[in-house]
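Here the structure is laid out as structure tokens; the discussion comes afterwards.
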Amino acid sequence: MAPPLRGAENKPWWHEGLRFECIRCGRCCRGEPGAVWFSPEEGKNISDYLGISEEEFFRLYVVSRLGRHSLRERPNGDCIFLNPQDSSCSIYPVRPIQCALFPFWPSILNSRKMWQYQAQRCPGIGMGRLYSEEEISSLLRCSPFPDL
């Protein structure tokens, strides 16, 4: 993954900050096929939260994608944990960090164009509080998956 585009001052394009507020619309959890990677610890936390064994969690809710474990999707592309009635996440308190970091993913912050493209899908982008350059940089460092 290339580093975020930098201007003449060697600052990322988002150096003045970005606004985002999750409005829990669920749009980031539905639609096109994708992958929700999770760590072994996150898998254990989810299985504990669901009150099932890790084996059952893997059997019911996990697929292998590109050699890694990902949460299963429904046939329409929705995350298996997205409640279709109210667009809520049924594992929200223990959701994978990939979900918690959205939209502050390296692939989305790589360019202003990609951020604007995601804003067409996510009504929370451009709303809410202003995340500073320092906060965004810290969130990027939290990502265990640089290919997000």
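As a basis for the values below, the full set of heavy atoms in this structure was taken, side chains included, without hydrogen atoms, waters or symmetry mates.
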* To do: Enter the distance from Arg112:CZ to Gln116:CD here, rounded to the nearest 0.5 Å.
  => 6.5 Å
* State whether the side chain of Arg74 and the backbone N or O of Leu82 hold a donor-acceptor pair below 3.5 Å, judged by distance alone. => yes
* To do: Quick one: closest heavy-atom pair of Gln98 and Ala35, and the distance?
  => NE2-O, 2.8 Å
* Are Met114 and Ser107 close enough that some pair of their side-chain heavy atoms sits under 4.5 Å apart? -> no
* Structure fact -> All heavy atoms of Ala119 vs all of Ile125, minimum pair found to be CB-CG2, 3.6 Å
* Donor-acceptor contact present, side-chain Arg121 to main-chain Cys28, <3.5 Å -> no
* Has Arg24 got more than 12 heavy atoms of other residues, nucleotides or ligands less than 6.0 Å from its CZ? -> no
* Structure fact -> Heavy-atom nearest pair, Leu130 first then Arg19, reads N-NH1, 3.4 Å
* Structure fact -> Here the gap from Tyr49 atom OH to Ser90 atom OG, rounded to the nearest 0.5 Å, amounts to 7.5 Å
* To do: State whether the side chain of Glu135 and the backbone N or O of Gly17 hold a donor-acceptor pair below 3.5 Å, judged by distance alone.
  => no
* To do: With rounding to the nearest 0.5 Å, note down the distance linking CD1 in Ile97 to CD in Glu41.
  => 10.5 Å
* Does a side-chain heavy-atom distance below 4.5 Å link Trp13 with Leu109? -> yes
* Spell out, yes or no, whether Leu50 and Leu60 are grouped together once hydrophobic residues are joined by side-chain heavy atoms under 4.5 Å, including indirect joins. => yes
* Asked: Testing Glu42, His69, Arg68 for side-chain contact (heavy atoms from CB on, under 4.5 Å) with Trp37, which one passes?
  -> Arg68
* Asked: Ring centres of Phe57 and Phe38 under 6.0 Å apart?
  -> yes
* Asked: How far apart are the closest heavy atoms of Gly128 and Glu21, and which atoms are they?
  -> CA-OE1, 3.2 Å
* Asked: Where is the tightest heavy-atom contact between Ser70 and Arg65, given as atom of each residue plus distance?
  -> OG-NH1, 3.5 Å
* Asked: Any sub-3.5 Å donor-acceptor pair from Trp115's side-chain atoms to Pro103's backbone N or O?
  -> no
* Asked: Leu71, Val63: one ILVMFWY side-chain cluster at the under-4.5 Å cut-off?
  -> no
* Is a side-chain N or O of Ser137 found less than 3.5 angstrom from the main chain of Glu133, in a donor-acceptor match? -> yes
* Measure across Glu54 and Ser47 and return the closest heavy-atom pair with its distance rounded to 0.1 Å. => CG-OG, 3.3 Å
* Decide whether a cation-pi geometry holds between Arg129 and Tyr131; the criteria are a distance under 6.0 Å from NZ or CZ to the six-membered ring centre and an angle within 45° of the ring axis. => yes
* To do: Report yes if some heavy atom in the side chain of Cys29 is under 4.5 Å from a heavy atom in the side chain of Val36; otherwise report no.
  => no
* Cation-pi check, Arg95 onto Phe102 ring (under 6.0 Å, within 45° of axis) -> no
* Check step by step if side-chain contact (heavy atoms from CB on, under 4.5 Å) holds for Ile52 and Tyr61. => CA-CA 11 Å; Ile52 60 177; Tyr61 302 112; 3.8 Å; yes
* When you measure from the side chain of Ser88 to the backbone N and O of Asn83, does any donor-acceptor pair fall under 3.5 Å? -> no
